[in-house]
Participant: 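Mind having a look at this structure? Questions to follow.
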Amino acid sequence: MAACWARIRARLRDEVGEVEYRSWLRQMTLAGIEGDEAVILLPTRFLRDWVNSHYGDRLRALWQGEDVMVRRVDIRVAQPAMAGGPEAPPDFALAEPGGMQGLAESLAPSPSLRMPERPAAEPRSDWVVPLEARFTFDTFVVGKPNEFAHACARRVAERPASPGFNPLFLYGGVGLGKTHLMHAVAWAIRELQPARTVAYMSAEKFMYRFIAALRSQNTMEFKETLRAVDVLMIDDLQFLIGKDNTQEEFFHTFNALVDQGKQIVVSADKSPSDLSGIEDRLRTRLGCGMVADIHATTYELRISILQAKAAAARVEVPAKVLELLASRITGNVRELEGALNRLVAHAGLFGRPVTLDTAHEVLHDLLRAHERRVSIEEIQRKVAEHYNLRLTDMVSARRARNVARPRQVAMYLAKQLTQRSLPEIGRRFGNRDHTTVMHAVSRVAELMQQDAGFAEDVALLRKMLET
Ligand code: ADP
Ligand code: MG
């Protein structure tokens, strides 16, 4: 029977791959065959349900291949008996409702009974939130704004808990790649050092689990489980702001792990010193390893990311379209990705290539929402360039027509393309009065009516500034 079971597990491992096997199936033990039923044990309800729904049929088929008498597989929640030693008592606290329940209830209330002695607790797999498959180092595009954070993450993945890098604190705005980097570290550790256990979860999840543990008087188990991991990653720590109990628990877990030489990786939207609402002692601890920020993307990085994502999707996207997206959707990478995905989906759906026209058509709402914010300085520079003037001519007192007219055009465009008030525009044009700006705006509008060539010129400038 043991040999059959070993073969079945080996088969499953081959079929699902190492990562999945380790996440979900490794903790299965065979309790025995009861009649036509193979009884398999898993330590938690969550794991049981998961394995049942994802691998139940496969397990049954594999059993039947080994032993035709087995017609069913029953997966139960229980700790395995300890190999070799005397029969371990069943773990009543973990047993599912059923035959033993009455007994379990009568025995359960005392916390010491609920937590039977176990050899250094294996972190339970249901603590390990599934990692996003595409969040790996391979798919992370490195540029100036994130190269430092990326290098730190790599370093931690290769040599967890090395001095100076523990904890690793990653911070930056929304959608800039914090979660991506954390998952990448987790994937890399799983691959490079499969013996290490990595627990990744959001701070929110940490809190919910802690609260649930408090409620069910199971905090011992909560603590033990977390303290048994080699690498603990907590994403979006800002969720713990103001949650004093949870912070306290996190602080103790944190200290226990660091003392044991385990690695901690934390992300947040702000640096430790700017995270108000975090206890000082925790803040100090958070800042004493490596703190790395991910800066807002640059145009170059946005272009590289778009190129990489288009290539991964195997869709040809013209450079002009990438430039449009990179110059207009500047907020975060998630939005950028969303826009590209929409284009790609649209192209696939209609079997048409991606062009600048389809991009404008498909993304018009997004592009409008990200109407480029042109600065007055940009306007002045473009206009000066266009009329072959120096930038200083835009703010000088010179009144010669060949300088004054372009200056008026620039004021007109500043009024049209920015949210600035007339007095503000005036100030930025060499401290001119708001009435001067008002005059310039109406004069240019008038000239555009009269002179088609001039109107075309202004329209062209406007278009250049807008895209
Ligand atoms: P955060 O956790 O900082 O809010 P995420 O890690 O969830 O951001 O990133 C948002 C999206 O942008 C993800 O789909 C991620 O893959 C992508 N992304 C962010 N930065 C990069 C990068 N440098 N290279 C490739 N994709 C990135
Ligand atoms: Mg995130």
Side-chain angles (χ1 to χ4, degrees), residues 128-157 167-189 198-208 231-241 250 264-272 274-275 286 290-315 317 322 325-345 363 366 370:
V128 184
V129 176
L131 299 172
E132 170 71 48
R134 60 192 183 88
F135 287 180
T136 60
F137 281 123
D138 289 345
T139 58
F140 191 82
V141 181
V142 185
K144 267 265 168 300
N146 61 24
E147 65 184 359
F148 183 66
H150 170 261
C152 294
R154 277 248 183 226
R155 168 66 192 261
V156 165
L168 172 60
F169 189 102
L170 297 170
Y171 76 93
V174 174
L176 297 182
K178 299 182 295 293
T179 298
H180 188 139
L181 269 185
M182 289 180 99
H183 285 216
V185 170
W187 280 121
I189 293 176
V198 181
Y200 163 90
M201 69 184 88
S202 65
E204 230 177 345
K205 193 136 250 158
F206 179 91
M207 182 181 75
Y208 286 132
V231 181
L232 176 64
M233 300 183 150
I234 302 288
D235 204 352
D236 289 320
L237 192 84
Q238 67 273 9
F239 279 113
L240 294 196
I241 284 175
F250 176 64
I264 310 258
V265 182
V266 167
S267 86
D269 61 351
K270 296 196 189 69
S271 72
D274 289 338
L275 272 180
L286 287 170
M290 181 56 70
V291 177
D293 57 344
I294 306 186
H295 300 274
T297 56
T298 56
Y299 179 77
E300 289 73 29
L301 179 59
R302 291 195 292 277
I303 290 280
S304 311
I305 290 174
L306 287 168
Q307 281 169 341
K309 306 226 179 230
R314 290 175 217 281
V315 173
V317 182
L322 298 184
L325 297 186
S327 63
R328 293 287 278 280
I329 301 175
T330 56
N332 70 49
V333 183
R334 193 172 296 134
E335 286 177 334
L336 199 59
E337 230 175 14
L340 184 66
N341 287 344
R342 237 159 94 180
L343 277 184
V344 167
L363 301 175
L366 252 186
H370 289 83

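Every number for a ligand or one of its atoms is a count from 1 in the order of the listing.
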Participant: Can you find a side-chain donor-acceptor pair between Arg302 and Thr297 that sits under 3.5 Å?
Facilitator: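 A pair is found: one side chain offers a donor N or O, the other an acceptor, under 3.5 Å apart.
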Participant: Looking at Gly177, which atoms of ligand 1 are within less than 4.0 Å of one of its heavy atoms?
Facilitator: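 Per the distance check, 1 (P), 3 (O), 5 (P), 6 (O), 8 (O), 9 (O), 19 (C), 20 (N).
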Participant: Does any donor atom in the side chain of Asp236 or Ser202 lie under 3.5 Å from an acceptor atom in the other side chain?
Facilitator: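 Checked: Asp236/Ser202 side chains show no N/O donor-acceptor pair below 3.5 Å.
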Participant: Run down the list Val174, Val333, Leu181, Leu336 and name the one with the heavy atom closest to atom 18 (N) of ligand 1.
Facilitator: Val333
Participant: Should you measure from each heavy atom of Thr139, which atoms of ligand 1 turn up under 4.0 Å away?
Facilitator: 24 (N), 25 (C)
Participant: Do Val333 and Val141 make a side-chain contact, defined as non-hydrogen atoms from C-beta onward lying under 4.5 Å apart?
Facilitator: no
Participant: Does ligand 1 have a heavy atom under 4.0 Å from the side chain of Leu301, from its backbone, from both, or from neither?
Facilitator: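 It is neither; nothing of Leu301 touches ligand 1.
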Participant: Identify the closest protein heavy atom to atom 14 (O) of ligand 1: which residue and atom is it, and at what distance?
Facilitator: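 That would be Glu337 OE1, 2.6 Å.
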Participant: Is it the case that atom OH in Tyr299 sees more than 12 heavy atoms from other parts of the structure closer than 6.0 Å?
Facilitator: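 For Tyr299, atom OH is crowded (more than 12 foreign heavy atoms under 6.0 Å).
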Participant: Tell me the protein heavy atom at minimum distance from atom 7 (O) of ligand 1, and give that distance in Å.
Facilitator: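 The closest heavy atom on the protein side is Arg334 NH2, 2.9 Å.
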Participant: Please tell me if the side chains of Gln238 and Tyr171 come closer than 4.5 Å, counting only heavy atoms from C-beta onward.
Facilitator: no
Participant: In the structure I gave you, are the side-chain heavy atoms of Tyr200 and Thr179 within less than 4.5 Å of one another anywhere?
Facilitator: yes
Participant: Has Ser267 got an N, O or S atom lying less than 2.8 Å from the Mg ion (ligand 2)?
Facilitator: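 No - counting backbone and side chain alike, Ser267 has no N, O or S atom under 2.8 Å.
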Participant: Where do Gly175 and Asn332 come nearest, in terms of heavy atoms and distance?
Facilitator: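 In this case the closest contact between Gly175 and Asn332 is O-CB, 3.6 Å.
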Participant: Could you check which of Val141, Leu176, Asp269, Val142 puts a non-hydrogen atom nearest to atom 20 (N) of ligand 1?
Facilitator: Leu176
Participant: Could you tell me which atoms of ligand 1, counted from 1 in the order shown, lie closer than 4.0 angstrom to a heavy atom of Phe135?
Facilitator: 13 (C), 14 (O), 15 (C), 16 (O)
Participant: Against heavy atoms of Arg134, which atoms of ligand 1 measure under 4.0 Å?
Facilitator: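 So the atoms of ligand 1 that pass are 14 (O), 16 (O).
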Participant: Which heavy atom of His180 sits nearest to which heavy atom of Thr136, and what is that distance?
Facilitator: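 Closest approach of His180 to Thr136: NE2-O, 3.0 Å.
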Participant: Closest non-hydrogen protein atom to atom 16 (O) of ligand 1, residue and atom name please, with distance?
Facilitator: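 The protein heavy atom lying closest is His180 ND1, 2.7 Å.
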Participant: At less than 4.0 angstrom from any non-hydrogen atom of Gly173, what atoms of ligand 1 do you find?
Facilitator: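 Going through ligand 1 atom by atom, the ones under 4.0 Å from Gly173 are 3 (O).
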Participant: Which of the atoms of ligand 1 are close to Asn146, meaning less than 4.0 Å from one of its heavy atoms?
Facilitator: 23 (N)
Participant: Students should be able to answer this: which protein heavy-atom is nearest to atom 4 (O) of ligand 1, and at what distance?
Facilitator: Gly175 N, 2.7 Å
Participant: Could you tell me which non-hydrogen atom of Ala313 sits nearest to which non-hydrogen atom of Val344, and how far apart they are?
Facilitator: CB-CG1, 4.3 Å
Participant: Would you mind running through ligand 1 and noting each atom that sits below 4.0 Å from a heavy atom of Lys309?
Facilitator: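 Under 4.0 Å from Lys309, ligand 1 has these atoms: 16 (O), 17 (C), 25 (C), 26 (N), 27 (C).
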Participant: So which atom in His150 and which in Phe140 form the shortest heavy-atom distance, rounded to 0.1 Å?
Facilitator: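 The answer is CD2-CD2, 3.8 Å.
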